[in-house]
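Just below is one structure, and these are the notes that go with it.
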Amino acid sequence: MAKRRVDRRVAPSPDIRQGRADASVRANQYSESAASDRKLIAIYVFFFIVLPAVSVFVYVTRYGPNTNTKPRQPTQNLVKTDLDYQEILRENSRVSKNESHRHYTYPVLAYITPWNSKGYDIAKRFTNKFTHLSPVWYDLKSQGSGLVMEGRHNADQGWISELRKNGDALVLPRVVLEAYPKELLGKKNLREKAIDIIVSECKEMQYDGIVLESWSRWAAYGILHDSQMRNKVNVVLAWAYSYGANFITASVILCGHILSNQPPSLFAFFIILHKIDQERAIPFYIGVCPQNLGSEAVQFIKQLGHALHSVNSGRSNKQPLQLFYVIGPPHSEKLQVHDFGPEDLQSLGDAVDGFSLMTYDFSGPQNPGPNAPLPWIQFVLQVLLGSSGKGGVTPAHKIFLGLNFYGNDFRLSEGSGGGAITGRDYLKLLEKYEPKLQWEKNSGEHFFLYVDDDHISHAVFYPSLTSISMRLEEARLRGTGISIWEIGQGLDYFMDLL
């Protein structure tokens, strides 16, 4: 008979069962404590880490600088009056990484010259900083009894193609009207020929229009001698008085002018001779009022503007060719007879798309000083646009306030002298003479003094970030555009301000 298998299991005692129960309670208590600790940690993390981080993110997103639209400018700390020459030498080539961002919405016209090739590179690099680019390429000259356009050899179609790939800036080459004014303006066929030459060149070369310069030359030739007569249309009124037959008597021709609906007013008397027919007593005579070349000058600009506007740009069927016109600043509150004034501005407002105002060259070798004092700029704008700045018939945005990117190095001893300097020249002077820059608060310009190797004293005025910023702000307040002469003469970091 097989033995019964002995059951080796031992029944647990009450003490052991109680120990296991206590351990289970302790485990549950530990688990509850751990869960409680995790909750505390989660609350801590949420209130002291996550929530502050979210708050900072929301604040920066809503109120902080938008790096996508306005990147921090490397030059922003240099817009100040207490400027050191070493800062300029160190920072002048630094620009923002976003080279296409514009800080102002007004239009910007920039000139480029063939003798300063840096301007071509600046235009390509910062194309989107500009709305209009004007390469200085053409001269329209007299040739025998006709006219000829010179300068096509300067035109660079490859450069224009690159510009148009980079952005939407319009290309308007400058044309200087060097033809003899009395010949050009005195002959209708020459005026029409000049307009045809300019329009044909724009169409053939696919330009977006031109910048025309002629006013200063016309003024030098005395064409613009009567500012009141420039914008008026001549008419002839004649009266003949006869006192008998078969004799010659005098008659007075009254040459008047009409503007809008105003009646003619007397401006000149011309005595002519006429013969009276005895039988019919009807006077017949020959008399012609002299031609008003000032009026013809204004009419020429209008006709050219309308001719350009009638042709679409080669790059856009919806964009007509544009005409910009170069004007000098008034020299005093009482306009000189040859000054371009408010009446001229309003008369040409419909025909001209923009007026390039040369608010620079205030000083010269005979009167050394600032290039474009800010009070003078403000005065010029007030004369042209009025105290309101609205400009009457012609809106302020058609004025392109001139901004010089060049400077002047004037001699102060051993006779007057000196002249314009570019950015490269300026940097060389800073490196050589290590000057102390001074701020001239009345004009809003920086300058410095130095003595050259021949012991001649000099004063150098050259734009700074501060002076440019002040003029850009003036343009913004007035609602005008900006025209820069010329971008190849400036320093790279000037572009950060546009």
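For the pair Ile198 and Leu304, the minimum side-chain heavy-atom distance is below 4.5 Å. Side-chain contact between Leu323 and Val211 is absent, with no heavy atoms from C-beta onward closer than 4.5 Å. With a 4.5 Å cut-off on side-chain heavy atoms, Pro135 and Pro114 do not count as touching. Side-chain contact check for Glu201 versus Tyr138: some heavy-atom pair is nearer than 4.5 Å. For the pair Tyr111 and Ser356, the minimum side-chain heavy-atom distance is below 4.5 Å. Side-chain contact between Leu427 and Asn92 is present, with at least one heavy-atom pair separated by less than 4.5 Å. In this structure the side chain of His446 never reaches within 4.5 angstrom of the side chain of Gln438, judged on heavy atoms. Ile160 is not listed as a side-chain neighbour of Leu133, based on a closest heavy-atom distance of 4.5 Å or more.
Of the inter-residue distances, the one linking Leu172 atom CG with Leu212 atom CG reads 11.5 Å to the nearest 0.5 angstrom. Distance CD/Gln489 to CD1/Ile112: 11.5 Å, rounded to 0.5 Å. One finds the CZ atom of Arg102 at 12.0 Å from the CE atom of Met495 (value rounded to the nearest 0.5 Å). Between the CH2 atom in Trp485 and the CG atom in Leu109 there is a gap of 10.0 Å [rounded to 0.5 Å]. For the atom pair CD1 of Ile399 and OG1 of Thr359, the computed distance is 9.5 Å after rounding to the nearest 0.5 Å. Put simply, OH on Tyr104 and CG on Leu472 are 5.0 Å apart, with the number rounded to the nearest 0.5 Å.
A salt bridge links Glu445 with Arg471: at least one charged nitrogen is closer than 4.0 Å to a carboxylate oxygen. Between Glu87 and Lys80, at least one side-chain nitrogen of the basic residue sits less than 4.0 Å from a carboxylate oxygen of the acidic one, meeting the salt-bridge criterion. Between Glu431 and Lys428 no salt bridge is recorded (no basic side-chain N to carboxylate O distance below 4.0 Å). Salt-bridge annotation for Glu204 and Arg152: present, with a side-chain N of the basic residue lying under 4.0 Å from a carboxylate O of the acidic one. A salt bridge links Glu99 with Arg125: the closest approach of a Lys/Arg side-chain nitrogen to an acidic carboxylate oxygen falls below 4.0 angstrom. Glu91 and Arg94 are joined by a salt bridge, as a carboxylate oxygen and a charged side-chain nitrogen come within less than 4.0 angstrom of each other.
No side-chain donor from either of Asp208 and Gln319 sits under 3.5 Å from a side-chain acceptor of the other. For the residue pair Ser467/Tyr462, the side-chain donor-acceptor check at 3.5 Å is not satisfied. Side-chain atoms of Asp361 and Tyr406 form a donor-acceptor pair, as typed in the model, at a separation below 3.5 Å. Side-chain contact annotation: Asn128 with Asn166, donor-acceptor N/O pair under 3.5 Å absent. No side-chain N or O of Asp350 forms a donor-acceptor pair with one of His306 less than 3.5 Å apart. Neither side chain, Tyr207 nor Ser313, offers a donor N or O lying under 3.5 Å from an acceptor on the other. For Ser100 and Asn98, the side-chain atoms include at least one donor-acceptor pair closer than 3.5 Å. In this structure, a donor-acceptor pair under 3.5 Å is present between the side chains of Ser347 and Lys302.
Judged by distance alone, with hydrogens and angles left aside, the side-chain atoms of Ser483 form a donor-acceptor pair with the main-chain N or O of Phe400 at under 3.5 Å. Judged by distance alone, with hydrogens and angles left aside, the side-chain atoms of Gln336 form no donor-acceptor pair with the main-chain N or O of Asp339 at under 3.5 Å. Distance alone, capped at 3.5 Å, places no donor-acceptor pair between the Ser200 side chain and the Ile197 backbone. Looking only at distances, a side-chain donor or acceptor of Tyr325 sits under 3.5 Å from a matching main-chain atom of Trp215. Judged purely by atom type and a 3.5 angstrom limit, Asp84 uses its side chain to pair as donor or acceptor with the backbone of Gln86. Side-chain atoms of Lys129 come within 3.5 Å of backbone atoms of His101 as a donor-acceptor pair (strictly under, hydrogens ignored). No donor-acceptor distance shorter than 3.5 angstrom exists from the side chain of Arg411 to the backbone of His458, with no hydrogens or angles considered. Side chain of Asn116 to main chain of Thr113: no donor-acceptor pair is present (N/O by atom type, distance under 3.5 Å, no hydrogens or angles). Put simply, the side chain of Asp496 gets close to the backbone of Ser96: a donor and an acceptor are under 3.5 Å apart. Using a distance-only test at 3.5 Å, with no hydrogens or angles considered, a donor-acceptor pair links the side chain of Asp156 to the main chain of Trp159.
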Taking it one step at a time, do Leu185 and Leu190 satisfy side chain to side chain contact (heavy atoms under 4.5 Å, CB included)? CA-CA 7 Å; Leu185 300 175; Leu190 281 184; over 6 Å; no
Assess the residue pair Tyr450 and Asp409 against the criterion (side chain to side chain contact (heavy atoms under 4.5 Å, CB included)); give the C-alpha distance rounded to whole Å, side-chain angles, the decisive distance to 0.1 Å, and a yes or no. CA-CA 10 Å; Tyr450 75 94; Asp409 181 354; 2.8 Å; yes
Take Glu296 and Gln303 through the test side chain to side chain contact (heavy atoms under 4.5 Å, CB included) and record every step on the way to the result. CA-CA 10 Å; Glu296 296 294 350; Gln303 291 167 6; 5.8 Å; no
Using the rule given for salt bridge (charged side-chain N to carboxylate O under 4.0 Å, His left out), can you reason through Glu178 versus Arg217, listing the C-alpha separation, both sets of side-chain angles and the distance that settles it, and then say yes or no? CA-CA 8 Å; Glu178 293 191 356; Arg217 184 172 176 82; 5.7 Å; no
Would you sort out whether Leu357 and Leu384 count as a side chain to side chain contact (heavy atoms under 4.5 Å, CB included), showing the intermediate values? CA-CA 10 Å; Leu357 177 60; Leu384 288 175; 4.0 Å; yes
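Between Phe405 and Phe494, the distance from one ring center to the other falls under 6.0 angstrom. For Phe324 and His132, the ring centers sit closer than 6.0 Å to each other.
Contact between Ala123 and Phe130 at its shortest, heavy atoms only, is CA-CE1, 4.2 Å. Taking both residues in full, the closest heavy atoms of Lys436 and Phe448 are given as O-CB, 3.6 Å, listed atom of the first, atom of the second, then distance. Of all heavy-atom pairs spanning Ala219 and Leu224, the tightest one is N-CD1, 3.8 Å. Minimum heavy-atom separation, Asn404 to Pro463: O-CG, 3.2 Å. The two residues Gly481 and Ala475 make their nearest non-hydrogen contact at O-CB, 4.2 Å. Ser93 approaches Asp492 most closely through the heavy-atom pair CA-CB, 4.0 Å.
Few gaps surround CG on Asp196; more than 12 heavy atoms of other groups in view lie less than 6.0 Å from it. The number of heavy atoms from other shown groups lying within 6.0 Å of NZ (Lys203) does not exceed 12. Surrounding NZ of Lys118 are more than 12 heavy atoms belonging to other residues, nucleotides or ligands, all under 6.0 Å away.
Among the candidates Phe461, Tyr85, Tyr426, the single residue satisfying the ring-ring contact (aromatic ring centres under 6.0 Å, His included) test with Phe447 is Phe461. Just one of Ile468, Leu401, Thr131 meets the side-chain contact (heavy atoms from CB on, under 4.5 Å) condition when paired with Ile482; it is Leu401.
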